[in-house]
Amino acid sequence: MKIEWAPKNVPIERRRQAFAMAFFILSFMLLSLGSYFLTAAFLIYGGLYLRTLTIIYLVYVFVDHRRTHSIMDGNGLKIFRNNWLFRHYRDYFPVQLVKTAELPPNKNYIMASFPHGILGTGISTNMGLDISKWLELFPQVRPKVATLDQNFLTPIVRGLLKSWGLVSVSKEALVYLLTKSNDPKHKDNQDGFTSNAVAILVGGAQEALDSHPGKYILTLKNRKGFVKMAIRTGSSIVPTFSFGEVDILDQVANPPHSKIRHFQDFVKKLTGISPLVPVGRGIFNYTFGFLPNRRRIVQVVGSPIDVIKSDKPDPAYVDKIHNQVIEALEKMFAQYKDQYIPNAKNTKLVIH
């Protein structure tokens, strides 16, 4: 295999962006794995004092999550969601945000987000890591990103996730956020924000398994839980589409019914997580490595789909709203693909 090395005369700004990307991914990978090893080491090899503190911390994590769902109510400290590192992370691709309609801050929103891709980079950047662009376009609307509930039971990492505005995708956490008051005078809105927008990557782990460059395959036809949640809480659904999301990373070939796909499906069923084998580029080469490729990602935010609130959603009404979401995504894809996707004529939207 011939290796394509990065040229020596790369502009300094691009080097900073690559450094920011490598630092973020390496740090998060090490923390994710290292937190478990470190906790186990403290419990096995630590003295009485260290073991006691570790046990107290683990009990606190469990109890706090059960009590508060690990939710950060506001936007958190600005330094954690708008800093040098994350601005360069954004500019590495770059990640852009396009507004097509107003999101009035007098209601709460479910951002039905597609496609998942390998990392969900468009959503996590615009609504988690660097929210400066979001706040410019949607003032008074707090951006939140929903992720797997078990992530908030991971020692150390849970603190980072909370600081980036990530929340549990559990029913209890979503109900808590989506039923928050929109009254500017309410005590929870003293920060000047009166609305919560919670992004849900509806296709989840299943959609991630189908992520390959140039292929926009959505898992949506049988995913109606987000619609039911919107109806129960009276939240509007906002379809969003991140063009280019699937192009930043490939993964080892895993066609349906292959051995590797059967293994991935088995692990996903047990854990809720897809064991992907991503294929990217290196820090100093463009051929292989763990870094995403530099491909533009454009998250287009669509128009809100209002719903009639009901504690017991009627199945026919759920289907009606669900179909409206599908139609909105198809229309959005057709309208913007030529503008944001290379070789758009040969790119189709497939909804499973």
Side-chain angles (χ1 to χ4, degrees), residues 90 93-103 109-131 133-134 136-138 141 143-147 169 197-227 230 235-249 292-293 295-306 321-352:
R90 170 191 289 279
F93 297 101
V95 176
Q96 297 171 285
L97 183 64
V98 174
K99 172 182 177 180
T100 66
E102 296 292 336
L103 298 185
Y109 301 95
I110 290 179
M111 314 297 291
S113 306
F114 301 89
H116 185 289
I118 303 293
L119 299 175
T121 303
I123 284 293
S124 62
T125 302
N126 286 323
M127 301 185 67
L129 301 178
D130 179 16
I131 60 174
K133 302 294 183 181
W134 175 275
E136 288 177 14
L137 298 178
F138 305 106
V141 180
K144 306 284 184 180
V145 180
T147 186
V169 78
V198 183
I200 300 177
L201 287 159
V202 176
Q206 183 59 48
E207 194 170 280
L209 289 173
D210 291 322
S211 181
H212 293 277
K215 296 183 179 180
Y216 287 87
I217 303 173
L218 310 187
T219 300
L220 176 57
K221 286 186 177 179
N222 295 319
R223 300 290 175 100
K224 300 180 182 180
F226 72 101
V227 177
S235 306
S236 296
I237 299 174
V238 182
T240 84
F241 202 99
S242 293
F243 294 89
E245 183 71 55
V246 299
D247 297 325
I248 63 172
L249 282 168
N293 293 298
R295 303 288 186 271
R296 182 176 63 159
I297 300 174
V298 183
Q299 180 192 353
V300 178
V301 179
S303 300
I305 299 173
D306 296 328
I321 299 298
H322 187 259
N323 287 332
Q324 288 182 25
V325 174
I326 293 177
E327 291 172 1
L329 288 168
E330 290 174 335
K331 182 179 179 181
M332 190 182 301
F333 187 80
Q335 182 176 353
Y336 293 102
K337 72 173 186 175
D338 290 332
Q339 189 173 352
Y340 299 129
I341 298 179
N343 195 28
K345 291 183 179 180
N346 298 323
T347 306
K348 296 181 180 180
L349 178 66
V350 179
I351 299 180
H352 289 162

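Just the heavy atoms: all of them, side chains too, but no hydrogens, waters or symmetry mates, feed the values below.
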Practice item. Step through it carefully: locate the ring centre of F333, locate the ring centre of Y216, and say whether they are under 6.0 Å apart. Key: yes
**Study point:** N/O donor-acceptor pair under 3.5 Å between W134 side chain and V141 backbone
**Key:** yes
Check your understanding: Got a donor-acceptor contact below 3.5 angstrom from the R295 side chain to the I248 backbone?
Key -> no
Point to revise | Validation row: I123, Q299 side chains within 4.5 angstrom (heavy atoms) | key: yes
Review point. Can you name the nearest heavy-atom pair linking I351 to I326, along with the distance?
Key: CD1-CG2, 3.8 Å
Review point. Does atom CG of N222 have more than 12 heavy-atom neighbours from other groups under 6.0 Å away?
Key: no
Point to revise | Heavy-atom pair with the smallest gap, counting every atom of E207 and L218 | key: OE1-CA, 3.3 Å
Practice item. Find out whether F243 and Y336 are in side-chain contact, i.e. whether some heavy atom of one side chain is under 4.5 Å from a heavy atom of the other. Key: yes
Exercise for review: Determine whether V202 and V325 make a side-chain contact, defined as any pair of heavy atoms from C-beta on separated by less than 4.5 Å.
Suggested key: no
Check your understanding: Do the non-hydrogen side-chain atoms of F93 and D247 ever get within less than 4.5 Å of each other?
Key -> no
Check your understanding: Is the shortest heavy-atom distance from the side chain of H352 to the side chain of Q206 under 4.5 Å?
Key -> no
Review point. So which heavy atom on Y109 is nearest to which on L103, and how close?
Key: OH-C, 3.3 Å
Exercise for review: For P143 and I131, work out which heavy atoms get closest and say how close.
Suggested key: CG-CG2, 3.8 Å
Exercise for review: Heavy atoms only: give me the nearest D306-I321 pair and the separation to one decimal.
Suggested key: O-CD1, 4.2 Å
Practice item. Start with the C-alpha distance between L329 and L220, add both sets of side-chain angles, then the distance that settles side chain to side chain contact (heavy atoms under 4.5 Å, CB included), and finish with yes or no. Key: CA-CA 11 Å; L329 288 168; L220 176 57; 3.7 Å; yes
Check your understanding: Counting only N and O atoms by type, is there a donor-acceptor contact under 3.5 Å from the side chain of H116 to the main-chain atoms of L209?
Key -> no
Check your understanding: For the residue pair L119 and P292, what are the closest heavy atoms and their distance?
Key -> CD1-CG, 4.2 Å
Review point. For T121, does its backbone N or O pair with a side-chain atom of E245 as donor and acceptor, under 3.5 Å?
Key: yes
Check your understanding: Is a side-chain donor or acceptor of T100 paired with a backbone partner of V301 at a separation under 3.5 angstrom?
Key -> yes
**Study point:** Side-chain heavy-atom pair E330, L349 within 4.5 angstrom cut-off
**Key:** yes
Exercise for review: Could you check if a side-chain atom of S113 sits within less than 4.5 angstrom of a side-chain atom of F241, using non-hydrogen atoms only?
Suggested key: no
Check your understanding: Quick one: does K133's side chain have a donor or acceptor within less than 3.5 Å of a partner on L97's backbone?
Key -> no
Practice item. Indicate whether any N or O donor in one side chain lies under 3.5 Å from an N or O acceptor in the other, for T125 and D130. Key: no
